[in-house]
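As the structure lists them, so they are numbered: ligands from 1, and atoms in each ligand from 1.
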Amino acid sequence: MKDFREMKRRGEKITALTAYDYPTARLLDESGIDIILVGDSVGMVVLGYQDTTGVTLDEMLHHTRAAARGVKQALLVGDMPIHSYDTQEQAVETARKFVDAGAQAVKLEGGWSECGKIESIVASGIPVMAHIGMLPQHVREEGGYKLKGKTPRETEQLLDDARCVEHAGAFSVVLEIVVAEVAKQITDSIGAPTIGIGSGEHCDGQILVTHDLIGLFPWFTPKFVSPEARVAEEIRRAARAFIERTRGTADEVRDVSTSLDMTSE
Ligand code: KIV
């Protein structure tokens, strides 16, 4: 495992992307990414769920095994799904299952309320990536993906969460959709690296859902993402070319892509 704290001290940015299958994990690994997360975002961008609250442990382990076969140099982190870490004992048991599936570390969502679990998992020898700010596993109670750190109270809570997860032994902390200035404050106040998503440029590293980065989930792209590719369009183009070639009648191929497109605001 790379020394991520040392990278933070040196001001070297940490890069992280998601992968849920062998080819993607292998391509990211070969590209030199530092961390590959088998995120529970798989539920939305691969399995077609509305959010991550329906993702099961079996699904996560299945995707972790696939991704693990493609990874040689990056740190592979398995995302513990909702209700797979309701108690300290269950948290350790689940973390071990991820390691058996090929992960070298696990991630879980939550701040001070999860610190006992983080401590127990770390004590069992498994590195933990914490995740604070917007918590997608709580999106239904929250009523949406809302920016965090907008009030002094929320800012204090986030700072407490960050200090607590660091104290519990987390080797890094994901900050999801946190006000950029607050993310900077958190980054400056802890030794563990912060990995931001939609939280501005001052974090020690950045993570994105790969499908968003490469434009493979065109029906919704978060506002903070600037896609680097348009893979969905390439798939449609290739499929249309194949249909045309096979039928031998270009006129019969109907372009349905425009009616399927739903772009985010
Ligand atoms: O599930 C996921 O992909 C994540 C990242 C976006 C941080 O939690």
Which ligand 1 atoms does [X] reach within 4.0 Å, using its non-hydrogen atoms?
X: S41; value: 1 (O), 2 (C), 3 (O)
X: D79; value: 1 (O), 2 (C), 8 (O)
X: T18; value: 3 (O)
X: I197; value: 6 (C)
X: H131; value: 8 (O)
X: G39; value: 1 (O), 2 (C), 3 (O)

Quick check on F242: does its CZ atom have over 12 non-hydrogen neighbours (other residues, nucleotides or ligands) under 6.0 Å away?
no

Should the heavy atoms of other residues, nucleotides or ligands under 6.0 Å from CD of E201 be counted, would the total exceed 12?
no

Should E142 and K148 count as an ion pair when the cut-off is N to O under 4.0 Å?
yes

Below 4.0 Å, non-hydrogen atoms only: which portion of [X] touches ligand 1? Side chain, backbone, both or neither.
X: V42; value: neither
X: L208; value: neither
X: E109; value: neither
X: T52; value: neither

So, is E176 polar-close to ligand 1, with some N/O to N/O distance under 3.5 Å?
no

Check whether any N or O atom of K107, backbone or side chain, sits under 3.5 Å from an N or O atom of ligand 1, and answer yes or no.
yes

Pairs where residues 122-158 contributes a residue and the test ring pair (Phe, Tyr, Trp, His ring centres under 6.0 Å) is met, not counting sequence neighbours:
none

Taking atom 1 (O) of ligand 1 as the point of reference, which of V55, D40, V45 owns the nearest heavy atom?
D40

For atom 4 (C) of ligand 1, the closest protein heavy atom turns out to be L37 CD2, 3.6 Å

Quick one, T64 and Y20 - any side-chain contact, counting heavy atoms below 4.5 Å?
no

Counting C-beta onward and ignoring hydrogens, is there a side-chain heavy-atom pair between F171 and P127 closer than 4.5 Å?
yes

What donor-acceptor contacts under 3.5 angstrom involve side-chain atoms of residues 67-76, with partners at least two apart or in another chain?
from	atom 1	to	atom 2	distance (Å)
Q73	NE2	D29	O	2.9
Q73	NE2	D29	OD1	3.4
Q73	NE2	I33	O	2.9

Going by atom types only, do Q88 and S120 share a side-chain donor-acceptor pair under 3.5 Å?
yes

Between I126 and V165, is there shared hydrophobic-cluster membership here, with clusters defined by ILVMFWY side-chain heavy atoms closer than 4.5 Å?
yes

